[in-house]
Amino acid sequence: QQPVQSPQAVILREGEDAVINCSSSKALYSVHWYRQKHGEAPVFLMILLKGGEQKGHDKISASFNEKKQQSSLYLTASQLSYSGTYFCGTQDNTDKLIFGTGTRLQVFP
Amino acid sequence: DAGVIQSPRHEVTEMGQEVTLRCKPISGHDYLFWYRQTMMRGLELLIYFNNNVPIDDSGMPEDRFSAKMPNASFSTLKIQPSEPRDSAVYFCASSLAVAGYNEQFFGPGTRLTVL
């Protein structure tokens with residue numbers, strides 16, 4: 001089942017902060033975050049593992065609440081380059097990721 | 001490394017024709033994934049392989065779709081016969097074992113248009 005992301009879209013000025021949420025109805029082993037710019041492929045940002053380990057981006061942070069099956073991505077002091085569509089990908093007890101509905105982020109000067 | 005390579009980058013074909021999409025994963029990666037992206041359905045997993053063996057093809061929409069991975073450096077996704085509703089961007093991605101704990105590297109995608 002596809003995880004649900006909120007909000008669907010965010011508009012920011014440079015320097016503002018944003019939070020993107022990802023919620024699943026299934027027990028999760030890990031949550032991945034990817035960013036996709038228009039006309040390009042998704043690019044990896046972070047992995048959050050069950051138990052608290054994180055791998056990835058040093059300027060973007062995220063949290064993973066295993067009990068609630070939720071993850072949040074925190075974008076602070078946003079830059080123009082942050083614009084794009086953000087996807088969470090959730091992993092249960094298999095090797096596959098199920099990607100969320102996506103959140104479109106636009107950062108303006 | 002050149003990253004994941006996909007060909008062709010764009011494909012325009014007519015309904016009923018056979019379409020073959022190709023993917024070369026990153027050398028040394030154990031997992032290969034095929035995704036389809038549309039505005040309506042988002043990014044959907046079609047099938048994935050581990051060590052060239054298909055593990056889960058539950059996302060393959062119909063029997064018209066088939067995928068193979070004859071060796072560690074090559075995979076194909078075939079649609080026969082193609083239909084207009086197959087129009088989408090098809091991505092191939094690869095990762096190291098264990099897939100859930102390692103990032104997926106996506107290829108540039110193939111934009112398929114079926115007229």
Side-chain angles (χ1 to χ4, degrees), chain A residues 1-6 8-9 20 22 24 26-58 60 62 64 66 71 84-104, chain B residues 2-7 9-10 21 23-26 29-60 67 88-111:
Chain A
Q1 191 148 359
Q2 189 177 33
V4 177
Q5 290 183 230
S6 63
Q8 289 185 314
I20 300 173
C22 174
S24 174
K26 301 179 76 172
L28 303 178
Y29 281 68
S30 73
V31 178
H32 295 218
W33 286 96
Y34 288 76
R35 177 170 61 210
Q36 184 178 29
K37 293 187 179 285
H38 183 69
E40 298 181 7
V43 174
F44 169 78
L45 294 175
M46 298 196 67
I47 295 175
L48 300 107
L49 304 173
K50 199 174 177 181
E53 185 181 349
Q54 294 186 15
K55 298 167 62 174
H57 211 284
D58 58 0
I60 295 175
F64 178 22
E66 298 165 28
S71 177
T85 301
Y86 289 76
F87 292 97
C88 66
T90 56
Q91 183 218 0
D92 52 19
N93 60 350
T94 67
D95 291 324
K96 63 185 182 185
L97 290 183
I98 306 299
F99 282 94
T101 48
T103 295
R104 186 175 178 190
Chain B
V4 176
I5 299 172
Q6 290 187 248
S7 65
R9 295 291 308 275
H10 302 273
L21 310 182
C23 174
K24 177 178 167 55
I26 293 173
H29 280 192
D30 303 283
Y31 285 81
L32 185 139
F33 305 85
W34 281 101
Y35 293 93
R36 177 174 68 176
Q37 187 173 37
T38 61
M39 288 295 293
M40 291 295 293
R41 301 175 69 91
L43 194 58
E44 302 175 272
L45 176 67
L46 301 177
I47 185 172
Y48 77 96
F49 297 82
N50 180 22
N51 292 322
N52 314 335
V53 177
I55 303 301
D56 187 336
D57 66 354
S58 59
M60 297 285 261
V89 180
Y90 291 81
F91 289 105
C92 171
S94 70
S95 75
L96 288 165
V98 174
Y101 300 136
N102 288 284
E103 64 181 286
Q104 293 189 16
F105 292 82
F106 282 76
T110 295
R111 182 173 294 275

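On a predicted model such as this, the values are computed, not experimentally measured, just so you know. The chains referred to below are lettered A, B, ... by the order of the sequence lines, with proteins before strands, and numbering in each begins at 1.
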Nearest heavy-atom approach of B:D56 to A:K96 is OD2-NZ, 2.7 Å
For A:E40 and B:F91 the tightest heavy-atom approach is O-CZ, 3.9 Å
Using ring-ring contact (aromatic ring centres under 6.0 Å, His included), reason through B:F106 and A:F44 one step at a time and then give a plain yes or no.
CA-CA 9 Å; B:F106 282 76; A:F44 169 78; over 10 Å; no
All heavy atoms of A:A41 vs all of B:P108, minimum pair found to be CB-CA, 4.4 Å
Honestly, the part of B:L43 sitting under 4.5 Å from a heavy atom of chain A is both
* For A:Y34 and B:Q104, indicate whether the former's side chain and the latter's backbone hold a donor-acceptor pair under 3.5 Å. => yes
Could you check whether atom NZ of A:K26 has more than 12 heavy atoms from other residues, nucleotides or ligands sitting under 6.0 Å from it? no
Whatever's closer than 4.5 Å to a heavy atom in chain A on B:F105 counts as neither
Between A:T94 and B:Y48 the two heavy atoms that sit nearest each other are CB-OH, 4.4 Å
Rounding to 0.5 Å, atoms CZ (A:F99) and CD (B:Q37) come to a distance of 9.5 Å
On a heavy-atom basis, the closest approach of B:R41 and A:Q2 is O-NE2, 4.0 Å
The interface call for B:E44 against chain A, heavy-atom contacts under 4.5 Å, is neither
B:Y31 and A:D95 have their tightest heavy-atom pair at OH-OD2, 2.8 Å
